[in-house]
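Below, chain A is the first sequence line, B the second, and so on; all start at residue 1.
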Amino acid sequence: MTPQDIQARLKTKFGDAIGDLVITPDAAKPTPKYYENFFTISPKVWREAAEYLKFDRELLFDGLMCVTGLDDKVKLTAVYNLYSYIHRHRITVKVEVTRDEPKMPSAQPVWMHADWMEREAYDLLGIVFEGHRDLRRVLLPEDWIGHPLRKDYVEPAEYRGIMTWRENLLGKLPGESYDPKTPIGGNQ
Amino acid sequence: MFELAQYVVDKDFWPLSGLGVLGVSILLMIAVSVFLMHGFFMPIAGVMTFVERKIAGWTQARIGPNRVGPFGLFVILADGIKLILKEDIIPAAADRPLFKMAPYAVLGGAFMTMVIIPLGPNLIPVDLDLGILVYIAAGSFVTMGIVMSGWSSNNKWSTLGGARSVAQIISYEIPVGMALLPAVILTGSLSFQSMVLAQGWAPWQWTMFHNPGLFIATFVYFVAALAEINRTPFDIPEAESELVSGYNTEYSGMRFGMFFVAEFGNVVVISWITVLVFMGGWHFPGEQALVQNWFGGTWPTLVGALESGKAVQFGLFNLIGHATLMAKTVPLIILIVLLRWTLPRVRIDQLMDISWKYLTPMGMGATVMTAAYMIWPGWGPFPEGAGSGMALPRDMGPMRVWSFLLPVAFMAFCVGHALMASRYPWKPGRPSKIKPAEATS
Amino acid sequence: MTTALKTEEITLNMGPQHPSTHGVIRFILKTDGEIIYECVPDVGYLHRSIEKIGEKVEWQSFIPYTDRVDYLASMNSNWAYSLAVERLAGIEVPRRAEFLRVIVGELGRITSHLIGAGALALDIGAATPFTHAIRDREMVNDLFERICGARLTFSFVYPGGVAYDAPPGWIEDVLEFCDYFEPRIEQFNALITYNKIFVKRLAGVAVIDTETAIDYGLVGPNLRASGFRFDLRRDEPYSVYPELDFDVPVGRGEVGVLGDCWDRFKCRVDEMKESLKIVRQACRMLPTDSAHKAKVKKILKPPKGEVYVRSESARGEMGFYLISDGTQNSVRTKIRTGSFSAMGVFPKVARGMMIADLIAVIASLDIVAPEIDR
Amino acid sequence: MTNHESSYFGAIYEVIHTTLKGLIVTSRAWALDPKVTVQYPDIDIRTGHFRGIDSPSMGEVLKGLGRLDPEPAMRKLRMFGDQPRGLKTKPVLNPIINMLYGTIPGSNASNDFYESRLSTKIADRFRGILNVDIEICTACLACSRACPIDCIQIDTTKVGKLLKLERFDIDIALCMYCGLCSVPCPTGAIHHTKEFEASTTDFPDLIRRFIDESRMAYKTVKLKFPLGTEPPPEAAPAPIPPVAPAKA
């Protein structure tokens with residue numbers, strides 16, 4: 001099924017909770033045929049929409065390819081790339097949440113693959129997925145402050161006494177603590 | 001040992017004779033055990049490390065140790081010195097006395113078996129007539145050592161390793177006992193020396209080919225002994241990839257060295273025992289003739305030879321015997337080493353299955369069959385006397401001919417089938433000419 | 001525990017430094033003796049936040065980082081990223097570059113499977129197959145070193161083509177390697193694949209059927225081992241794969257149950273044979289007229305847009321989700337890798353298993369720490 | 001291979017059969033496969049040639065490896081080194097000797113004696129430690145822009161219309177040897193060498209400085225005629241602009 005039919009089918013089922021299909025974000029340039037066609041689903045309906053996407057006879061999106069967290073300074077988005085191994089068609093769905101209240105229903109009960117993917121989105125972007133099996137940080141230590149992939153993230157200088165940067169010896173301007181004349185060390 | 005002490009006292013060697021027979025024999029025992037441990041067991045274990053690493057290297061397309069000394073032979077000293085120089089750390093929360101005692105128990109167990117192994121016609125430290133029981137007892141002594149080391153290192157992985165080794169070694173003592181039983185029935189005695197004396201030099205005079213049951217018992221013993229000393233495919237207690245190194249994880253320096261020496265010593269010991277009990281020991285073809293014209297028909301003894309001044313012939317006679325024993329043991333050692341670099345490791349529950357479902361029943365079957373051979377008229381018990389000359393299987397009763405040919409045929413079939421199955425055209429050795437990058441100057 | 005004897009669970013810490021967790025991964029095991037009750041994987045020890053660097057670095061300068069995402073098959077990850085950038089920026093790749101990419105990609109797949117299969121044999125206890133695999137891998141490394149100068153992190157496939165053209169005599173040496181390596185796979189099989197102890201250790205262990213595999217997002221050999229014939233090179237063809245004929249090996253449940261550890265191992269070994277076939281065809285069909293790299297502006301500014309492109313790397317589907325807003329830096333570079341999803345399967349599969357089996361499952365799923373943590 | 005769980009005796013025979021097959025493979029590998037270890041000091045991996053114990057280059061290597069006075073080390077190598085000196089054995093000609101002693105790369109054994117499939121020479125395109133040929137560096141900063149980790153630091157000052165190089169440092173600890181800097185360089189000044197031994201104990205040593213005192217950057221001259229063609233006799237080659245005197 002083409003993305004348009006998929007979007008229309010969902011539109012009929014869920015009404016205006018479904019955004020319209022975005023084909024070419026940059027309308028000026030003709031889009032190469034591979035661009036993602038996506039549409040947004042509002043978090044309120046997302047859980048039912050997910051089950052519908054997976055179990056509807058026409059759609060059968062059993063393979064969740066990838067869950068990506070996005071932050072564009074205004075809102076946080078979770079992008080679900082779905083693929084159907086049976087019908088061999090694919091679609092991209094976006095669920096947007098606001099930055100100050102980043103809660104949305106989790107897709108983990110529908111696709112088990114979302115379990116680790118959503119934990120990573122939570123860990124790196126701070127999107128909270130309700131109904132997730134065990135939402136913990138997956139890559140960063142439990143007591144890490146902040147979510148690194150956010151645009152406004154500032155990396156802390158040290159974590160529990162371990163420095164997270166190394167003094168860039170190149171940055172020294174001539175005349176500062178080193179002078180070019182010093183013989184280069186090592187077995188040059 | 002006592003005749004020698006008596007001989008020393010009679011000959012009135014000045015300093016020794018004053019001690020009386022008992023004193024001298026104790027002194028002799030100490031001297032022999034010191035010689036055995038340092039002169040024989042340690043070098044054997046050392047050479048084994050070199051042989052193992054060289055074979056491992058070659059099978060894996062690398063050179064193996066060749067840096068230190070001619071052909072890399074000094075790697076034995078290098079390892080030893082390295083281990084001695086390394087600081088042996090005792091973990092803080094370890095159970096110190098147990099931790100320190102464990103390697104000695106393991107090494108002690110390995111040495112115990114050395115005392116009862118006849119390395120030549122007369123080269124046997126003490127010819128105990130309960131030889132096999134001492135050997136099996138040594139096995140459980142080693143288990144105690146391993147459990148001590150596993151438990152006392154206060155490390156979960158070592159404890160797991162220790163627990164595994166208890167299960168493994170104890171449950172493999174049954175098949176070892178079961179496999180040695182038919183040989184004991186056949187030769188009528190528990191002492192290794194008399195077992196060897198009952199056999200002859202020709203394969204059809206070996207206990208191994210006496211009857212199909214004993215043929216199976218040989219392999220049952222070999223596999224069970226491999227498990228006794230934790231060699232692949234049964235090296236589960238110190239499984240590097242699972243338990244980080246099992247019971248000897250926390251050991252370092254010479255303490256670890258002792259586990260090392262014990263393991264390699266054990267490899268040589270079990271190949272000796274296999275050859276002695278099942279494959280005709282140190283018998284060599286011209287044995288009877290030599291005894292006839294060198295010692296006038298009587299079986300040489302140390303004291304007899306010393307008195308009649310035939311020490312040189314005695315030494316030569318034992319040397320030939322020892323040489324044939326080593327000639328049969330070295331291929332077995334190489335097989336054990338090769339097995340380590342060919343087979344993967346068995347899981348702990350499969351290990352138990354093999355012992356209880358396969359090896360023990362086969363051992364019992366072998367015992368029953370050998371007993372049948374002993375009492376059935378015409379099948380004939382073992383020919384009496386040492387190496388009954390050049391007798392051919394024909395004149396040892398018709399049944400014995402079949403029970404010799406059947407196992408040989410089975411072995412030929414297995415090897416042939418494996419060779420046919422691995423006949424894929426590998427063009428090994430001469431790889432098609434791929435030029436290494438142009439070695440221009 | 002109904003027995004009167006009071007027994008306690010052991011909480012074992014397997015990793016992050018453990019000889020067979022294939023990099024720094026940690027499994028917190030609750031075991032009763034040998035049987036595992038509960039296995040909780042804990043990753044992140046090798047997290048370099050490559051995705052954040054992707055937003056800071058230009059499009060073409062990100063290539064050296066894709067090497068470090070999956071350093072065992074870095075050719076394939078370079079290729080996956082370049083494919084995504086080409087589709088984003090609409091770059092046409094000359095035919096010779098496409099064929100060079102196929103040769104180098106399939107050789108990369110062979111090296112990765114050699115390590116995967118060798119490491120599984122080593123974790124089960126057999127050291128020789130691993131060393132033989134490494135020796136054959138070194139020969140491919142020599143070929144890579146002659147074409148691109150590096151032996152592990154190649155940075156060879158760029159958006160728009162390949163960094164350097166093949167040196168003279170390189171293609172003949174690749175063909176010669178194929179002739180040399182074909183029988184070596186048979187030797188590997190004779191040595192370990194059908195060995196009874198190896199089979200008993202792997203047959204029927206950690207069975208993952210197709211439905212669970214799809215649900216947990218398993219891809220590549222892990223998915224195909226469950227009998228489901230799905231390969232991106234054939235089902236979502238990219239580059240010149242439609243012109244090459246090769247078949248996709250699938251688990252057949254030869255020794256144990258369909259979809260167990262042994263099938264995953266056998267899938268990888270068979271895939272090596274297929275890759276050899278592909279490399280031979282590509283070497284013969286390599287055109288000599290077209291260039292090895294398309295003209296690409298130094299500072300690449302792809303038009304606004306998003307694209308999710310996936311290609312078949314050694315560990316299955318490696319997907320790049322790239323968002324560009326017309327500048328030279330990407331807004332978001334998401335890397336979807338096979339090992340990360342394979343980690344999710346452990347809690348389900350490891351329950352009731354023995355520790356020795358868990359080691360076998362880790363090696364059979366062929367997970368690699370940098371791919372999980374990125 | 002039987003798919004079903006084989007019978008009691010079938011399992012036993014399978015164990016015997018596969019173990020024997022494995023032993024056949026390992027023993028063949030033991031006796032016949034060439035040993036491919038490249039023993040570093042014995043092989044001069046830059047030329048791929050086998051380096052005799054007493055050849056000068058071995059002395060360099062030992063000196064290079066931090067043993068300032070190579071003589072004792074070389075004497076030790078000669079005495080205990082990998083023998084046998086005189087044994088010129090071909091790996092395949094006498095398999096017994098080969099099986100017993102293995103293919104030991106004796107020093108005077110000929111090069112093809114060490115016949116193995118692995119290359120013993122660094123490839124020509126090897127991306128080793130960076131080197132900058134400062135005479136032809138035009139200070140265009142293309143390399144430092146292309147470097148993903150900014151491990152190249154170039155300071156230039158303008159002198160009239162020309163550029164003057166003050167500083168050109170590369171931090172080879174940060175560098176990941178990806179070759180992105182050598183691609184855009186117009187004159188090929190920055191390029192990868194075949195050097196890879198640079199282990200030191202502290203970070204500052206890993207900064208390679210290519211300029212001692214500041215110098216004028218190289219000015220590329222636009223050729224009036226395509227390279228390689230004979231210049232027409234009357235067209236005199238364009239004079240190279242004189243170096244403008246440094247004004248303050």
Any chance you could lay out the side chain to side chain contact (heavy atoms under 4.5 Å, CB included) test for C/Ile362 and C/Phe346, step after step, and finish with the verdict?
-> CA-CA 9 Å; C/Ile362 297 172; C/Phe346 274 103; 3.8 Å; yes
For the candidates C/Val219, C/Leu218, C/Val331, C/Ile372, which exhibits the highest count of non-hydrogen atom pairs separated by less than 4.5 Å from chain A?
->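 Between C/Val219, C/Leu218, C/Val331, C/Ile372, the count favours C/Val331.
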Top residue by heavy-atom pair count (under 4.5 Å) with chain A, among C/Glu317, C/Lys348, C/Met343?
-> C/Met343
So C/Tyr238 and C/Tyr241, would you call those rings parallel, tilted or perpendicular, with 30° and 60° as cut-offs?
->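 Correct class here is perpendicular.
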Would you call C/Phe340 and C/Arg374 a side-chain contact if the rule is heavy atoms closer than 4.5 Å?
-> yes
Structural part of C/Leu46 lying under 4.5 Å from a heavy atom of chain A |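 For C/Leu46, there is no contact with chain A at all, as no heavy atom is under 4.5 Å.
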Applying a heavy-atom distance below 4.5 Å, give me the residues of [range] that approach chain C, sorted by number.
| range | answer |
| --- | --- |
| residues 47-56 of chain A | A/Lys54 |
| residues 62-70 of chain A | A/Asp62, A/Gly63, A/Met65, A/Cys66, A/Val67, A/Thr68, A/Gly69, A/Leu70 |
| residues 89-102 of chain A | A/Arg90, A/Thr92, A/Lys94 |

Tell me the residues of residues 226-235 of chain C whose non-hydrogen atoms fall below 4.5 Å from those of chain A, in number order.
-> C/Phe228, C/Phe230, C/Asp235
Residue part contacting chain C, namely of A/Leu149, when any heavy atom lies under 4.5 Å = both
Contacting moiety of A/Arg137, where chain C heavy atoms sit under 4.5 Å | neither
